[in-house]
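Working notes, structure below.
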Amino acid sequence: MERFTETVIQIIKRIPAGKVMSYGQIAKAAGSPRGARQVVRILHAMSRKHSLPWHRVINSKGEIGIQDEELFFTQKTLLEGEGVKIKGRNRIDLEKYRYQSIEDE
DNA sequence: GGCTTGACGGGTA
DNA sequence: TTACCCGCCAAGC
């Protein structure tokens, strides 16, 4: 891989609809097992300038860890629109919807 | 060049 | 099961 940032972007872009990945999972797949926080930063930056399926990225607990009400609602709506059922306020079945990327093993 | 910030993760209490 | 703490690392000031 060239750069961690670009690799992360590529990984996010190839997550299929109806599937999700956790920040840590993506970071690991990109080569930095402890780079979850970098993934967060990338999401912030990319979601504003590029069209990235950032809504398919959640935390390791299978929840949407967003604070912003508007973005939270947006992500939840987009996921449900792709077939991802959300239980309660923000509970997602990682066992069913987690996308196992090729790099992530 | 140094300090602060994060939409996090995993372990411990 | 929830709450808290510490570790990680890149980007912005």
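Protein chains get the first letters and strands the later ones, always in sequence-line order, with residue 1 at the start of each.
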Practice task
Would you kindly give the CD1-to-P distance between A:Ile42 and C:dG12, to the nearest whole Å?
Solution key: 11 Å
Problem - Distance test, side-chain N/O of A:Thr5 to OP1/OP2 of C:dA10, below 4.0 Å - result: no
Exercise for the section: Scan A:Ser32 against the nucleic acid and name what it touches under 4.0 Å (heavy atoms): base, sugar-phosphate only, or nothing. Expected result: nothing
Practice task
In whole angstrom, give the distance that lies between atom CD of A:Gln38 and atom C1' of C:dC9.
Solution key: 4 Å
Problem - Test side chain to side chain contact (heavy atoms under 4.5 Å, CB included) applied to A:Leu94 - qualifying residues, sequence neighbours left out - result: A:Val20, A:Ile58, A:Arg98
Problem - Residues in side chain to side chain contact (heavy atoms under 4.5 Å, CB included) contact with A:Thr5, at least two apart in sequence or another chain - result: A:Ile9, A:Ile42
Practice task
Mind running a 4.0 Å heavy-atom check of residues 84-95 of chain A against DNA chain B and sending the residues that fall below it, in number order?
Solution key: none
Problem - Test item: A:Gln25 side-chain N/O and A:Val57 main-chain N/O as donor-acceptor pair under 3.5 Å - result: no
Problem - Inter- and intrachain pairs under side-chain hydrogen bond (donor to acceptor under 3.5 Å, both in side chains), touching residues 76-94 of chain A, at least two apart - result: A:His55-A:Glu82, A:Arg56-A:Glu82, A:Glu63-A:Arg91, A:Lys87-A:Asp93
Exercise for the section: May I ask you to test the A:Gln38-A:Val8 pair for a side-chain heavy-atom distance under 4.5 Å? Expected result: no
Practice task
Provide, to the nearest angstrom, the distance between the CG atom belonging to A:Leu52 and the C1' atom belonging to B:dA7.
Solution key: 13 Å
Practice task
Report the distance from atom CZ of A:Phe4 to atom P of C:dA11, rounded to the nearest whole Å.
Solution key: 9 Å
Exercise for the section: Grab the CG-C1' distance between A:Leu43 and B:dA7 for me, whole Å please. Expected result: 7 Å
Fill in the blank from the handout: By side chain to side chain contact (heavy atoms under 4.5 Å, CB included), A:Thr74 pairs with (sequence neighbours left out) A:Trp54, A:Leu78
Handout entry: Euclidean distance, atom CD1 of residue A:Ile9 to atom C1' of C:dA10 [Å, nearest integer]
Key = 13 Å
Practice task
Measure the shortest side-chain to side-chain distance between A:Leu43 and A:Tyr23 over non-hydrogen atoms and say whether it is less than 4.5 angstrom.
Solution key: yes
Completion exercise
In this structure, CZ of A:Arg14 is separated from CE of A:Met21 (nearest 0.5 Å) by 7.5 Å
Practice task
Could you check which residues of residues 65-82 of chain A get a heavy atom under 4.0 Å from DNA chain B? Sort them by number, please.
Solution key: A:Gly65, A:Ile66, A:Gln67
All N/O contacts under 3.5 Å from nucleotides 2-5 of chain B to the protein, with atom names and distances to one decimal?
from: B:dT5; atom 1: O2; to: A:Arg41; atom 2: NH2; distance (Å): 3.0

Handout entry: Rounded interatomic separation in angstrom, taking CD from A:Glu63 and C1' from C:dA3
Key = 14 Å
Write down the protein N/O and nucleotide N/O pairs, taken from nucleotides 9-13 of chain B, whose separation is under 3.5 Å; answer none if there are no such pairs.
from: B:dG9; atom 1: OP1; to: A:Ser60; atom 2: N; distance (Å): 2.8
from: B:dG9; atom 1: OP2; to: A:Ser60; atom 2: N; distance (Å): 2.9
from: B:dG9; atom 1: OP2; to: A:Ser60; atom 2: OG; distance (Å): 3.1

